[in-house]
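Please read through the structure below; I'll follow up with questions.
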Amino acid sequence: MRKKFDGHIGITMDDSVLHLAESDKKVDKKTNVVYILLDDVGFAQFGCYGSDIETPNIDKLADEGLRYTNFHTTAMCSPTRASLLTGANHHAAGVATVCNVKTDFPNALGHLNPEYATIAEVLHEYDYGTYCVGKWHLAPEADICNQGPFDQWPLAKGFDKYYGFLNALTDQYYPELARDNTLIFPPKTPAEGYHLSEDLAEQAINNIYDHVQGYPDKPFFLYLAFGAGHCSHQVPEKYVKKYKGRFDDGWDVMRERVFKRQKELGVIPQDAELTERNEYVPAWDSLNADQKRVFARFMEVYAGFIDHTDEQIGRVVDYIDSIGERDNTIIVLLSDNGANGEGGAYGIYNCINVGDLYPDEEAFKQSLEHIDEMGGEYSYENYPLGWANAGNTPFQWYKTWAHCGGVKDPMIIRYPDGIKQGGGIRTQYSHVTDITATVYDVLGVKKPSHIKGVPQRDIHGISFAYSFNEADAPCRKHVQYYEMLGNRGIWKDGWKAVTNHLLVETYGEDVWELYHTDEDYSEKHDLAEQYPEKVEEMKSLWYAEAGRYGVFPLGPGPMTKRPPKLIEKEMRERKKMLKATHEVRTNLFRPLWLSDRLAFNNRDNDVILTINYREGEEGTLYAVGMRFQGYVLYIKDGKLYYAHNYLYREFYRTEPLELTPGRHEIRVSTRVDSTQTSGTVTVSIDGQSRAEVAVGHFGVFLERNLYVKDNGRNAVVPEIPNRFEYPGVIEKLELNASEYSIDEERFLSEWLVND
């Protein structure tokens with residue numbers, strides 16, 4: 001417990017009085033708090049919510065605690081995390097959508113508004129140990145590098161320790177990891193048995209172990225956020241084999257089966273109705289034999305992925321129970337949004353290049369060719385949207401929608417000291433902002449007026465602790481708005497109005513739907529034509545709530561477009577960064593990681609290296625990207641090579657150039673054509689020997705760190721090892737890129753958010 005000096009300071013110790021007053025911030029009794037967050041997992045994708053997927057450890061938490069069946073999120077990743085950790089609506093917290101999209105308007109800062117402190121910062125004031133493990137995704141993308149800044153990384157947001165990945169997604173076998181404020185490489189390889197979910201569980205256990213050894217009487221807060229079930233779906237083959245053949249009857253039959261099971265379990269009302277198959281999802285019976293085989297394999301991988309994650313959750317919970325902390329630990333388990341339809345109608349074997357997806361038919365050919373590799377380290381996949389539709393049973397639509405398929409998610413709470421009887425179901429309306437409000441209520445915690453010198457604003461959530469031991473208690477929440485990428489909704493006392501702005505060009509074209517959710521659980525019957533006055537009432541309420549919580553300004557169009565002014569601003573900023581030569585001295589003993597602010601894809605650029613080559617030295621001089629897309633310059637067997645990998649489908653390589661011992665200037669010149677999608681790369685040594693290759697596709701990279709003297713997490717091309725560190729001296733590295741000469745119409749119209 002922090003103590004405050006409350007004595008007297010004299011000239012000497014003899015005339016001074018030591019008195020340390022106890023802090024007035026304390027909890028009545030030691031109560032630990034654990035948040036376990038899954039990613040892109042739909043309402044119907046846990047066994048205890050009706051799924052075909054086996055999740056015995058999650059089901060056990062439900063049996064010992066409570067399942068909430070009217071719980072809602074923001075429909076997207078970063079915003080839900082912002083609301084979960086702060087108790088505030090996500091626009092007010094500065095996270096309108098994913099933190100990768102930064103407009104500098106107060107509702108989209110690209111990071112958390114410091115006026116809404118995290119629960120970790122608040123509990124720190126109450127002498128909690130605080131630990132963050134897993135996905136963060138609450139920092140600007142440009143900050144994800146070893147140079148920082150680190151003010152939006154977990155340690156600056158109240159956590160004592162951090163281990164995980166900072167961006168939207170990562171490879172489950174070769175993750176882009178950080179420990180505290182440093183990017184690191186994974187501790188093992190897949191050949192040595194590595195998988196990220198297992199690593200995260202181990203780190204969580206280690207943090208709890210260290211905490212209870214050092215401070216046995218001090219409570220802890222653990223935030224454990226898995227990458228599962230976000231793409232890429234990757235899991236050891238034995239978990240995939242477990243589900244072989246289980247989904248051969250397809251998503252239509254699966255929806256009916258799950259719907260029936262949900263009623264048997266009581267997680268949906270007996271009078272609930274199954275919505276129609278979503279638009280754009282083909283009927284399973286309309287597919288050919290190859291399509292059915294490939295699509296079933298996609299789902300087998302996803303099921304294995306969730307099953308494997310459930311096993312890791314069990315390890316963490318079992319450890320908490322084994323050390324005597326079971327009864328006094330609040331465990332909250334939830335998903336951040338509904339199942340995602342980003343895999344498209346055909347699914348995708350390699351989803352790394354979301355900004356330049358090739359046609360569904362081409363994606364399917366690659367999936368069919370690599371069907372036996374799905375789920376392994378050479379895949380980076382996302383399943384077809386038909387499985388997402390089934391995963392959101394009985395609801396419509398998906399992640400990013402304000403309909404239930406985007407916002408209604410599973411949520412389980414286990415707290416033996418506070419919940420008298422486990423195994424119950426609670427149907428009161430609740431929202432992700434309410435979770436931290438509930439924890440504060442249970443603990444008796446009050447948010448301080450200032451944290452780190454920043455005046456604090458009140459949280460927006462309402463405690464639902466009243467429902468812990470009273471199943472039929474009247475709901476105490478009455479209004480909640482939604483907005484995600486223009487999709488909007490408003491709920492009030494059992495009525496909900498919602499619009500799919502995603503499907504139209506301008507806000508004036510929006511068509512609002514109306515549902516009486518107290519009587520129509522799955523939002524099947526649109527009553528807008530029957531009750532037009534109610535629609536107008538709900539729309540007016542949405543605008544009032546939006547104004548109250550800082551939702552405006554809304555974006556100019558559907559999610560596939562970005563504001564032209566924002567693009568112009570980004571272009572100006574990147575011109576400043578890329579016009580001048582950036583010089584890096586790299587005669588270091590370890591690899592150097594540079595952030596994406598130095599990215600120079602899709603425009604003319606030159607990379608100039610000065611090396612002092614000694615015979616026998618080999619390794620990577622620099623690399624961008626990873627196995628599924630990137631480019632690399634390396635030395636092997638006394639020769640210099642350049643290679644470009646497009647989606648692990650197309651490889652472009654220069655002819656090798658002989659290297660002689662001594663000091664050399666190496667220049668790699670990229671010249672793009674008018675489409676900014678292809679061009680030529682020329683490699684030269686001392687301005688003399690030259691090699692050139694035509695590159696048919698320059699990708700739009702999700703991962704843009706530039707690794708100097710190493711590959712990064714795995715090899716860009718298969719002919720070199722996964723870790724291929726150059727042992728020699730790179731005296732200087734210069735990066736120089738031209739100004740943009742991009743086709744603005746194409747640039748403004750071709751973009752896709754991936755969370």
Check your understanding: Are any non-hydrogen side-chain atoms of Lys534 and Leu527 less than 4.5 angstrom apart?
Key -> no

Review point. Salt bridge between Glu523 and Lys408, side-chain N to carboxylate O under 4.0 Å?
Key: no

Practice item. Please examine the side chains of Phe226 and Asp39, heavy atoms only from C-beta on, and report whether any two atoms are closer than 4.5 Å. Key: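 No, too far: nothing below the 4.5 Å cut-off.
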
Practice item. Sort out for me which residue in Tyr128, Phe220, Phe221 forms a ring pair (Phe, Tyr, Trp, His ring centres under 6.0 Å) with His211. Key: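 Single ring pair (Phe, Tyr, Trp, His ring centres under 6.0 Å) partner of His211 among Tyr128, Phe220, Phe221: Phe220.
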
Check your understanding: Can a cation-pi geometry be assigned to Lys218 and Tyr215, taking NZ or CZ under 6.0 Å from the six-membered ring centre and within 45° of the ring axis?
Key ->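 Yes - Lys218 lies over the ring of Tyr215, closer than 6.0 Å to its centre and within 45° of its axis.
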
Exercise for review: Kindly state whether the ring of Tyr131 and the ring of Tyr163 have centres lying under 6.0 angstrom apart.
Suggested key: no

**Study point:** Donor-acceptor contact present, side-chain His72 to main-chain Asn70, <3.5 Å
**Key:** yes

Check your understanding: Are any non-hydrogen side-chain atoms of His403 and Phe395 less than 4.5 angstrom apart?
Key ->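 In short, these two side chains do not touch, never coming nearer than 4.5 Å.
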
Practice item. State, yes or no, whether a side-chain contact exists between His124 and Asp160 at a heavy-atom distance under 4.5 Å. Key: yes

Review point. Does one side chain, of Asp310 or Asn57, offer a donor that lies under 3.5 Å from an acceptor on the other?
Key: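 Note: Asp310 and Asn57 side chains meet the donor-acceptor criterion.
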
Review point. Ring pair (Phe, Tyr, Trp, His ring centres under 6.0 Å) between His91 and Tyr549: does it pass, once the steps are laid out?
Key: CA-CA 6 Å; His91 296 89; Tyr549 294 111; 9.3 Å; no

Review point. Would you say the side chains of Glu483 and Tyr481 form a donor-acceptor pair under 3.5 Å?
Key: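 No, Tyr481 and Glu483 have no side-chain donor paired with an acceptor closer than 3.5 Å.
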
Exercise for review: Without swapping roles, check the side chain of Thr499 against the backbone of Val511 for a donor-acceptor pair under 3.5 Å.
Suggested key: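 The answer is yes, because a donor-acceptor pair under 3.5 Å joins these two groups.
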
Exercise for review: Is it possible for you to check whether Lys157 lies under 6.0 Å from the centre of the six-membered ring of Tyr162, through NZ or CZ, and within 45° of that ring's axis?
Suggested key: no

Exercise for review: Answer whether the closest heavy-atom distance between the side chains of Lys26 and Asp127 falls below 4.5 Å.
Suggested key: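 Sidechains of Asp127 and Lys26: no contact.
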
